[in-house]
Q: 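Shown below is the structure under consideration.
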Amino acid sequence: MATLMLAACNSGGGSPSGSGSTAATPVTGGTLNMLGAGDVDYMDPNLSYYSVGYLNLRMWSRQLFTYPADPGGKNTSPVADLATELPTAANGGISADGKTYTIKIRPGAKWNTTPARQVTAADLVRGVKRTANPVQPFGGIPDFADLIVGYKAFADGFTKVAKTPAAIQAYIDKTPLPGVVAKDDTTVVFTLNQPASYFVDMLTLPAFSPAPVEALKYLPASTELGNNFPSDGPYKVDSWVPTKSITYSRNPAWDPSTDPVRKAYVDKIVVNETVTQDSVQQQLQTGTQTADMEFDVAPPPSQLPALQAKKDPNLTIGDTASSNPYVIYNTVSPNNNKALENPKVRQAISYAINRDHILQVLGGKTLNPPLTHVLPDVIIGSKPNDPYPYDPDKAKQLLAEAGYPHLTLKFLYRNATEGSSKTFQTVQQDLSKAGITVTGVPSPNADFYVKYLQVPSVAQRGVWDLSLAGWGADWYGNAALSFFNPLFSGEPSFPPVGSNFGLYNDPETNALIKQAASAPTQDAAAELWAKADARVMDQAAFYPLTNNKQANYHAAHVHNAVYVPSMQNYDPTNVWLDKDKQGG
């Protein structure tokens, strides 16, 4: 999952330090006011691929499986949501060969259409098909393109379809997807090309949300669709004004007895997307009537030490499964006579970067524990490996051996983000000690991904040599695939489909990824993922920095604020407010 790189400027660290004060009895009613500085990526369940998008979808979109919001729990193991139960071999949900998953949809889960109607298996099939639409395909498609039977051919055919609602609907209606079939109204059957021990975890992705036929009236990812997508969750979207505000109110079609995850205590949720990070924090601490929770920001890093020192009960430091930020090497840059094509040059740069210096400007190691290889330690297949301890002399030696004693590298960074700017300056200073000159390529936040990193021709032209990005697990535990497939699996993962921004393409890495993805057991997969991790690091495909922690803060009158890592925030569908603070 692509992160917004908030971590580089406003993440926290440590261990969970409070999940809100706990009133004896939950209180129903009131308006939850959330404050932020930016918007969702897409108000579209089958396309959203950022943590703040997942936070938004929690209110009004349900999946077959999702993560709970249990106070004191890790909240990283999937539970049934729209599905009646987790599929296993014992209950007949998983076939003996591990390739077929049969899942029943919970009766009583309904869309807020007129009249309200049951969510069906056909809706689920339609939602999965929408991920491949030609207007804006889902960013995590490399996770499952080769896994679900027929998906790749279905997606390839979809690219040739006109970008109109009518043409998109016609293709979805007329083109079968053999690996996702509605057996009857309440039974969906997934067929895989190979066993995948992580498949239930993968199905927690909002991309696998159902979509009613009404969603096909509008273009995918459009503002019109965002304001008209029917809801099957406890709230519905009343109004979405991009970059300004979102307003949600209760969904009359939602039956709490069909939803084991969301309690939906508050009546209404209002998001203000126009507030600065500092102002959000100030209002939450002051306890104003219109400030309850953060939306897409976290406490400013400069204020975290004081909040931690006084053990502020409204502060939470939560785990993530992220590599955020990390330094990307543009392996296809024509600059310096294609020096970055050479693994030895990339190894030299890795020795020349001082990780400790960067972590210091990002807020210190408590907030940003070092990550020295691909997989964070909570992901199966992670093995300790630190191949590039800081050594500028070693860097000089390798550059000389490779025939590039003097490099000049262009570093792309976000000039409006404190962490990104400071990281650039730190790298510039450290690399100079190895005889490497670094010049800056500053970018506004809004252009950073869409005009630079997500456009392969920009990398191929050598507009940048080094940059920063952030990545988080698409799911938890058995999730190594969600790092390797989008980031390192050669051409299938080049943007705009994947997030292999440096266009790294190594046959040995590709082979290890394929082997690991189809391993028959979790233990066998873990060994192969560890080998893939070691190979990526040996080839210096990128330079990891930290598996950052996430700091969140809420107002004192908010109760049951439970951190859910997939949203990198508290679950708004499970908090309640003091009676005297239930303002509008």
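Keep in mind that this is a model prediction, so the values were computed, not measured.
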Q: Do Q63 and F208 come close enough that some side-chain heavy atom pair is under 4.5 Å?
A: no

Q: Who pairs with L57 by side chain to side chain contact (heavy atoms under 4.5 Å, CB included), at least two apart in sequence or on another chain?
A: P45, S48, W60, S61, P206

Q: P299 and Y553: which non-hydrogen atoms are nearest, and at how many Å?
A: CG-CB, 3.8 Å

Q: Are the side chain of N385 and the backbone N or O of D533 linked by a donor-acceptor pair below 3.5 Å?
A: no

Q: Taking only residues two or more places apart in sequence or in another chain, which ones pass ring pair (Phe, Tyr, Trp, His ring centres under 6.0 Å) with F190?
A: F199

Q: Rounded to the nearest 0.5 Å, what's the gap from CE on M567 to OG1 on T66? Could you check?
A: 7.5 Å

Q: Check Y388 against S350 and note the closest heavy-atom contact, atom names and distance.
A: CG-CB, 3.5 Å

Q: Mind checking the CG-CG spacing from D319 to D377? Nearest 0.5 Å is all I need.
A: 8.5 Å

Q: So, using salt bridge (charged side-chain N to carboxylate O under 4.0 Å, His left out) as the criterion, who are the partners of R262 when residues are at least two apart?
A: D81, D259

Q: Would K99 and N193 count as a side chain to side chain contact (heavy atoms under 4.5 Å, CB included) here? Give the steps.
A: CA-CA 7 Å; K99 293 183 184 179; N193 286 312; over 6 Å; no

Q: Compute the ring centroids of F484 and W529, then answer whether they are less than 6.0 Å apart.
A: yes

Q: With sequence neighbours left out, what residues match V455 under side chain to side chain contact (heavy atoms under 4.5 Å, CB included)?
A: S457, V458

Q: Do the non-hydrogen side-chain atoms of L315 and Q308 ever get within less than 4.5 Å of each other?
A: yes

Q: Could you tell me the separation between the CD atom of Q360 and the CG atom of L367, rounded to the nearest 0.5 Å?
A: 9.5 Å

Q: Applying side-chain hydrogen bond (donor to acceptor under 3.5 Å, both in side chains), run through S257 and D255 and close with a yes or a no.
A: CA-CA 5 Å; S257 70; D255 178 350; 2.8 Å; yes

Q: With sequence neighbours excluded, what pairs up with K183 under the salt bridge (charged side-chain N to carboxylate O under 4.0 Å, His left out) test?
A: none

Q: For a 4.5 angstrom cut-off between non-hydrogen side-chain atoms, does R355 reach D386?
A: yes

Q: Indicate whether any N or O donor in one side chain lies under 3.5 Å from an N or O acceptor in the other, for N560 and Y570.
A: no

Q: Closer than 4.0 angstrom, basic N to acidic O: yes or no for E527 and K383?
A: yes

Q: By side chain to side chain contact (heavy atoms under 4.5 Å, CB included), which residues pair with P496, not counting sequence neighbours?
A: none

Q: Output, in order, the C-alpha distance, side-chain angles, deciding distance and verdict of side chain to side chain contact (heavy atoms under 4.5 Å, CB included) for I105 and Q118.
A: CA-CA 10 Å; I105 292 175; Q118 170 73 35; 3.9 Å; yes

Q: Ignoring hydrogens and geometry, is there a side-chain-to-backbone donor-acceptor pair from T175 to I172 under 3.5 Å?
A: no

Q: Strictly distance-based, threshold 3.5 Å: is any side-chain N or O of D232 a donor or acceptor partner for the main-chain N or O of R62?
A: yes

Q: Could you tell me whether R346 sits above the aromatic face of Y329, with NZ or CZ closer than 6.0 angstrom to the six-membered ring centre and within 45 degrees of the axis?
A: no

Q: List the residues meeting side chain to side chain contact (heavy atoms under 4.5 Å, CB included) with T100, not counting sequence neighbours, and say none if there are none.
A: S95, T102, V189, T191

Q: Kindly determine whether F501 and Y449 satisfy side chain to side chain contact (heavy atoms under 4.5 Å, CB included), including the steps that lead there.
A: CA-CA 9 Å; F501 302 126; Y449 279 104; 3.8 Å; yes

Q: I need the single residue from F488, Y504, F483 that forms a ring-ring contact (aromatic ring centres under 6.0 Å, His included) with F542. Which is it?
A: F488

Q: Do you know which two heavy atoms are closest between P212 and D123, and how far apart they sit?
A: CA-OD1, 3.8 Å

Q: Could you grab the distance from atom NZ of K514 to atom CG of N485, nearest 0.5 Å is fine?
A: 9.5 Å

Q: Between N46 (side chain) and G127 (backbone), is there a donor-acceptor pair under 3.5 Å?
A: yes

Q: Between T546 (side chain) and P369 (backbone), is there a donor-acceptor pair under 3.5 Å?
A: yes

Q: May I ask you to decide if D185's main-chain N or O and T120's side chain share a donor-acceptor pair within less than 3.5 Å?
A: no

Q: Answer yes or no: is there a side-chain heavy-atom contact under 4.5 Å between V497 and P137?
A: no

Q: Quick one: list whatever passes ring pair (Phe, Tyr, Trp, His ring centres under 6.0 Å) with F65, sequence neighbours left out.
A: none

Q: Would you say the side chains of S482 and Y198 form a donor-acceptor pair under 3.5 Å?
A: no

Q: Kindly say whether L466 contributes a backbone atom to a donor-acceptor pair with the side chain of N330 at under 3.5 angstrom?
A: no

Q: Find the distance between CG (D41) and CG (D296) and round it off to the nearest 0.5 Å.
A: 11.5 Å

Q: Which pair of heavy atoms, one from A540 and one from Q347, lies closest together, and at what distance?
A: CB-N, 3.6 Å

Q: Looking only at heavy atoms, which two atoms of L55 and P572 are closest? And how far apart?
A: CD1-CD, 3.6 Å

Q: Kindly state each residue pair satisfying salt bridge (Lys or Arg N to Asp or Glu O under 4.0 Å) with at least one member in residues 43-58, sequence neighbours excluded.
A: D44-R130, R58-D571

Q: Sequence neighbours left out, what passes salt bridge (charged side-chain N to carboxylate O under 4.0 Å, His left out) with D201? Give chain and number order.
A: none

Q: For Y67, give me all partners under ring pair (Phe, Tyr, Trp, His ring centres under 6.0 Å), at least two apart in sequence or on another chain.
A: Y476

Q: Considering all heavy atoms of both residues, which atom of A121 and which atom of T187 are nearest to each other, and what is their separation?
A: CB-O, 3.4 Å

Q: Quick one: does any side-chain atom of N569 pair with a main-chain N or O of F295 as donor and acceptor, under 3.5 Å?
A: yes

Q: Which of parallel (below 30°), tilted (30 to 60°) and perpendicular (above 60°) describes F144 and F138?
A: parallel

Q: Could you tell me whether a side-chain N or O of T423 sits under 3.5 Å from a main-chain N or O of I358, the two making a donor and an acceptor?
A: no

Q: Between CG of L340 and CG of L503, what distance do you get to the nearest 0.5 Å?
A: 12.0 Å

Q: Is there a side-chain contact between Q550 and S51 in this structure, where contact means two heavy atoms from C-beta onward sitting under 4.5 Å apart?
A: no

Q: Quick one: do Y151 and I141 satisfy side chain to side chain contact (heavy atoms under 4.5 Å, CB included)? Show the steps, please.
A: CA-CA 10 Å; Y151 184 92; I141 284 175; 3.4 Å; yes

Q: Under the criterion side-chain hydrogen bond (donor to acceptor under 3.5 Å, both in side chains), I'd like the reasoning laid out for Y452 against S467: C-alpha separation, chi angles, the key distance, then a yes or no.
A: CA-CA 10 Å; Y452 287 96; S467 185; over 6 Å; no

Q: Taking N75 for its side chain and D70 for its backbone only, find out whether a donor-acceptor pair lies under 3.5 Å.
A: yes

Q: Applying ring pair (Phe, Tyr, Trp, His ring centres under 6.0 Å), can you list everything that pairs with F158, at least two apart in sequence or on another chain?
A: F154, Y171

